[in-house]
Amino acid sequence: MSTPEILYMVVPCYNEEEVLHETAKRLKEKYQSLIERNLISEKSRVVFVNDGSKDKTWQIIQELHQADPAFFSGVNLAHNAGHQNAVLAGLMTVKELCDMAITMDADLQDDINTIDAMVEKYYEGNQVVYGVRSARDTDTFFKRFTAEGFYKFMKVMGADVVYNHADFRLMSKRVLAELANFKEVNLFLRGMVPLIGFQSCSVYYERAERFAGESKYPLKKMLAFAINGITSFSTKPLKLITTVGVIMSILSVIAFIWAFIVKIAGHSELGWSSTMCSIWLIGGLQLLGLGIIGEYVGKIYAEVKARPRYIIADFINDTDAEE
Ligand code: UDP
Ligand code: MG
């Protein structure tokens with residue numbers, strides 16, 4: 001192989017003090033073996049993005065950087081911007097410094113040994129390499145059920161995502177440059193990256209349990225994430241209202257004709273219950289419709305304001321430091 005290229009790992013961290021040391025240790029070992037195999041350049045780095053943690057996360061990142069400036073870098077966000085924004089903040093900070101970047105969670109759930117395969121696929125000409133979970137045995141039944149339902153529901157709703165792929169992926173410098181042109185505020189990276197195109201492929205790995213600490217994605221956040229994904233990438237919910245509206249109209253014409261026949265036949269009674277039912281049904285449908293429209297209006301509002309998606313307070317990185 002000719003000169004090895006520069007790999008930057010971007011690792012978002014929110015209250016991850018319990019896992020950071022272990023993650024750093026394992027990543028360093030992995031990098032050393034990749035450098036020995038001449039797969040990545042010695043200028044490669046691991047960049048931890050501190051997403052407004054309340055614990056010692058940033059302190060640990062700073063210590064790691066001081067102990068090993070030629071290896072660990074850190075980005076400190078001014079406030080908690082959320083996982084997706086933290087990942088983007090890291091990627092946009094390093095996009096000029098690397099040839100390829102891999103995003104990975106801090107909790108060691110993604111198998112570090114997949115990095116080899118990702119880098120190899122990159123040299124084969126792939127601009128994006130998706131890390132895909134082959135099994136979810138280690139997730140609780142509840143997490144597995146909700147997460148797999150999420151991917152299926154996304155597809156039905158018209159937002160195309162890679163099944164069982166989260167945010168463990170390799171992207172080339174070219175892809176990062178294109179990603180920089182996406183100006184949307186409601187980030188859903190796993191939907192945006194496939195939109196960029198270029199040659200891509202998947203590598204499969206088994207997802208492990210969280211090394212320590214607990215999930216920062218409780219059900220509430222996961223639901224919000226799913227709704228964000230659908231409304232950011234698909235207008236199917238809007239079209240669904242139209243479909244329901246058309247069906248309701250046809251049904252009401254039939255019901256009208258039926259009521260008319262009953263009336264002429266002289267069997268009609270004052271139908272209090274049916275009236276009540278229709279009021280509730282139509283009221284409910286209208287509210288649902290309004291709710292979905294409101295979701296989009298809220299997004300237009302956020303996009304129009306075009307607020308910065310993150311604000312970086314510090315960036316520590318020694319590109320020239322010796323190994
Ligand atoms: N994370 C973040 N900001 C947040 C929430 C999470 O940067 O507001 C990071 C977190 O530190 C971890 C990754 O995003 O590295 C994924 O979170 P987690 O492992 O808690 O999610 P799960 O794997 O349970 O879905
Ligand atoms: Mg996790």
Side-chain angles (χ1 to χ4, degrees), residues 8-27 46-61 64 72-94 101-112 114-115 131-133 135-151 154 161-169 185-190 205-229 309-313:
Y8 268 59
M9 294 281 304
V10 171
V11 185
C13 310
Y14 176 60
N15 295 344
E16 299 286 9
E17 62 181 9
E18 286 166 89
V19 298
L20 262 182
H21 283 294
E22 184 66 22
T23 309
K25 188 177 133 235
R26 292 202 202 169
L27 278 176
V46 173
V47 182
F48 292 108
V49 182
N50 175 38
D51 185 15
S53 300
K54 294 182 188 76
D55 63 3
K56 292 207 183 81
T57 299
W58 179 240
Q59 199 183 317
I60 297 171
I61 295 171
L64 285 167
F72 295 115
S73 306
V75 172
N76 189 22
L77 299 188
H79 59 93
N80 180 249
H83 175 225
Q84 298 287 296
N85 290 318
V87 169
L88 189 77
L91 288 173
M92 292 303 111
T93 310
V94 306
I102 295 181
T103 53
M104 191 188 85
D105 291 351
D107 58 6
L108 296 170
Q109 281 195 285
D110 305 319
D111 184 2
I112 280 183
T114 319
I115 295 172
V132 177
R133 285 164 217 170
R136 274 184 178 269
D137 301 340
T138 53
D139 277 348
T140 59
F141 171 77
F142 181 71
K143 177 93 190 179
R144 192 162 72 217
F145 181 76
T146 48
E148 288 189 344
F150 166 77
Y151 291 104
M154 292 292 294
V161 288
V162 179
Y163 188 71
N164 261 345
H165 158 70
D167 285 297
F168 186 30
R169 78 174 81 76
V185 174
N186 295 287
L187 279 187
F188 190 67
L189 289 169
R190 64 188 82 166
Y205 69 100
E206 279 184 29
R207 192 159 159 97
E209 264 172 75
R210 201 173 223 289
F211 179 74
E214 47 193 48
S215 173
K216 275 82 194 171
Y217 262 101
L219 183 66
K220 201 173 137 217
K221 260 198 198 173
M222 227 160 69
L223 276 178
F225 189 54
I227 292 170
N228 184 27
R309 287 163 292 183
Y310 51 80
I311 299 160
I312 292 169

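Sequence positions, counted from 1, serve as the residue numbers for this chain. For ligands, and for the atoms within them, numbers begin at 1 and follow the listed sequence. Only a predicted model underlies this, so the values are computations on that prediction, with no experimental measurement involved.
- Within the set Val49, Leu108, Val11, Asp51, the minimum heavy-atom distance to atom 3 (N) of ligand 1 is found for Asp51.
- Note on ligand 1: Lys221 sits in its first shell, one or more heavy atoms being nearer than 4.0 Å.
- Closest approach of Asp51 and His83 over heavy atoms only: OD2-N, 3.8 Å.
- Under the 4.0 angstrom criterion for non-hydrogen atoms, Arg210 is in contact with ligand 1.
- Nearest protein heavy-atom contact of atom 10 (C) of ligand 1 is Glu16 OE2, 3.2 Å.
- Less than 4.0 angstrom separates some heavy atom of Ser215 from each of these atoms of ligand 1: 20 (O), 21 (O), 22 (P), 24 (O).
- None of the N, O or S atoms belonging to Asp105 lies under 2.8 Å away from the Mg ion (ligand 2).
- Checked by distance only, ligand 1 and Ala106 come closer than 3.5 Å through their nitrogen or oxygen atoms.
- Counting only heavy atoms from C-beta outward, the side chains of Arg190 and Arg169 approach each other to under 4.5 Å.
- Closest protein heavy atom to atom 17 (O) of ligand 1: Tyr217 CD1, 3.8 Å.
- Side-chain atoms of Leu27 and Met104, non-hydrogen and from C-beta on, do get closer than 4.5 Å to each other.
- The OG1 atom of Thr23 sits 9.5 Å away from the CZ atom of Phe72 when rounded to the nearest 0.5 Å.
- The name of the N, O or S atom in Asp107 nearest to the Mg ion (ligand 2) is OD2.
- The Mg ion (ligand 2) has an N, O or S atom of Gln109 inside 2.8 Å of it.
- Annotation: side chain of Asp111 is not in contact with side chain of Phe168 (no heavy-atom distance under 4.5 Å).
- Heavy-atom proximity to Lys216, at under 4.0 Å, picks out these atoms of ligand 1: 5 (C), 6 (C), 18 (P), 20 (O).
- Counting heavy atoms from C-beta on, the side chains of Tyr151 and Asn164 come closer than 4.5 Å.
- You'll find the side chain of Glu16 stays beyond 4.5 Å of the side chain of Val11, heavy atoms only.
- Taking 4.0 Å as the cut-off, Gln84 does not count as a neighbour of ligand 1 on heavy-atom distance.
- Looking at heavy atoms from C-beta onward, Asn50 lies out of side-chain contact with Leu77 at the 4.5 angstrom threshold.
- Side chains of Tyr14 and Asn80: no donor on one and acceptor on the other come within 3.5 Å.
- Ring geometry, Phe188 versus Phe225: the interplanar angle falls from 30° to 60°, so the pair is classed tilted.
- Of all the listed residues (Asp105, Asp107, Thr57), Asp105 holds the heavy atom that lies closest to atom 16 (C) of ligand 1.
- At a heavy-atom cutoff of 4.0 Å, ligand 1 is contacted by the side chain of Asn80 but not by its backbone.
- In terms of polar-atom proximity, Gln109 is counted as a contact of ligand 1, with an N or O under 3.5 Å from an N or O of the ligand.
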